[in-house]
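Everything on this sheet refers to the single structure shown next.
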2 protein chains.
Amino acid sequence: MAPARTRADRPLTPAAQRVLDVAGDLFYRRGINTVGMELVAEQAGVTKKTIYDRFGSKEALVVAYLRARDARWRQWVTDAVDAEDDPVRRILATFDALAEWTDRENERGCAMVNACAELADPDHPGRAAARDQKEWLRGRYLELAAELGAADPARLADTLLILHEGAVVGRSVAELPGAIATARDAAARLLAAEG
Amino acid sequence: MAPARTRADRPLTPAAQRVLDVAGDLFYRRGINTVGMELVAEQAGVTKKTIYDRFGSKEALVVAYLRARDARWRQWVTDAVDAEDDPVRRILATFDALAEWTDRENERGCAMVNACAELADPDHPGRAAARDQKEWLRGRYLELAAELGAADPARLADTLLILHEGAVVGRSVAELPGAIATARDAAARLLAAEG
DNA sequence: CCACCACTATACCGAACGGTGTGGTTATGC
DNA sequence: GCATAACCACACCGTTCGGTATAGTGGTGG
């Protein structure tokens, strides 16, 4: 995973890294709009000036937060998929990866979905970051569907993505603790019918 | 559908109804946290005093917004389901209802999911409103699964709910225009395997 | 007639928001 | 030896936030 960078595309200074870590935690747990830059600065042991010197704006910090989190997530899923050989098990590994991910991270659902909810402006670059993550996962599913030799790889990829996203919402909003297992199970049945 | 009510559980005054309509539109399109009471008052042609006299607080207005929207949604789904006779078609009618709903309402996803993203406090009554909606839909699916004579109605209901929620996210965040059709299709295949 | 209700208009509150400017300290590297 | 980068502390900007207070208007029902 390439290290995160700021506006001038230079590696993060130590203080900037602390800011990004703190912002990631606060934005996710309390919401982007309800967390002020003053709080981020205080929690990171940094002045607001430093944040604005390194990131330029709150919007840019939000985007950096989403990109960094996305990078972590992609690595997490990639590692889980790469640990398996069988095409079916590689696909199902994404659901296991999600289960473990949501076990350690808290019960606040998908950061990208939450960001889209908070960033109403359709041109906000944070929305593009969220879309990119979903597009990436769909692309992974598309590759895996091709590996499997699915009759309609695109349809299968879309369906898997929908099950994946639905599981996250089912768990966090509908408060179904077994949502991810249920989605995995449905995916397994669809794959059995496919192959 | 019972008319919405405010804190003293009395029917809404004309101005209060206007406030609720305007708030519903603004909260959904621009987000709850980014819309101030001053803007709601202005758009409704009402003073802030009137809003606070009728609703008591922003939190209460938010809850009234979510409850009213939920009531509309439940009626919409109920009507669609009631129009069909065959158990399978009754289930699939919920996806058709969703497709029509999201066609008229804009591309901002599920108001309940968005509200959960914005209301970080787990004890915020708005979160309970969101959970109640999902619980209701799951209950409907459970009834329909029983009608169908499914082998495992609970599992089927959970799976349908997951497909349903995943479709909304797939369409709004991942920007897959065919997400709802894909989810409906997956549901149809699972139902065929079930029955 | 008068009390009551719904409502308008306006001014105000303390707090927090995102963002900027000044000035000073420390550490690294040429 | 000296510039530069990275950081600190702190004061300040205008704006907006949720919420309150005051004063007054029009209509309805007892």
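For clarity, every value in this text was computed on a predicted model and none was experimentally measured.
Interface residues of residues 35-49 of chain B facing DNA chain D, ordered by number: B:Val35, B:Gly36, B:Met37, B:Lys48, B:Lys49; criterion, heavy-atom separation under 4.0 Å.
In this structure, A:Arg108 contributes its side chain and B:Cys116 its backbone to a donor-acceptor pair below 3.5 Å. Between the side chain of B:Tyr65 and the backbone N or O of B:Val22 there is no donor-acceptor pair closer than 3.5 Å. Looking at B:Gln133, its side chain never comes within 3.5 Å of a backbone N or O of B:Asp70 through a donor-acceptor pair.
Rounded to whole angstrom, the span from the NZ atom of B:Lys58 across to the P atom of D:dT16 amounts to 15 Å. Rounded to an integer number of Å, the gap from A:Arg18 CZ to D:dC8 C1' is 11 Å. Distance A:Asn33 CG to D:dG18 P: 12 Å, rounded to the nearest Å. When rounded to the nearest whole Å, the span between OH of B:Tyr52 and C1' of D:dC17 equals 9 Å. Between A:Asp53 atom CG and C:dT22 atom P there is a gap of 13 Å when expressed in whole angstrom units. Here C:dG18 presents its C1' atom at 16 Å from CZ of A:Phe55, a figure rounded to the nearest Å. We find that CG of B:Leu61 is positioned 14 Å from P of D:dC17, with the value rounded to whole Å.
Residue A:Arg54 has a polar side-chain atom (N or O) positioned under 4.0 Å from OP1 or OP2 of D:dC7. Listed pair A:Thr50 / D:dA6 fails the phosphate criterion, with no side-chain N or O lying under 4.0 Å from OP1 or OP2. A close approach under 4.0 Å does not occur between any side-chain nitrogen or oxygen of B:Thr13 and OP1 or OP2 of C:dC5.
Between B:Phe95 and B:His164, the ring planes are tilted. Angles from 30° to 60° get that label.
Heavy atoms from other residues, nucleotides or ligands lying under 6.0 Å from CG of B:Asp85 number 12 at most.
A salt bridge does not link A:Asp96 with A:Arg89: none of the charged nitrogens is closer than 4.0 Å to a carboxylate oxygen.
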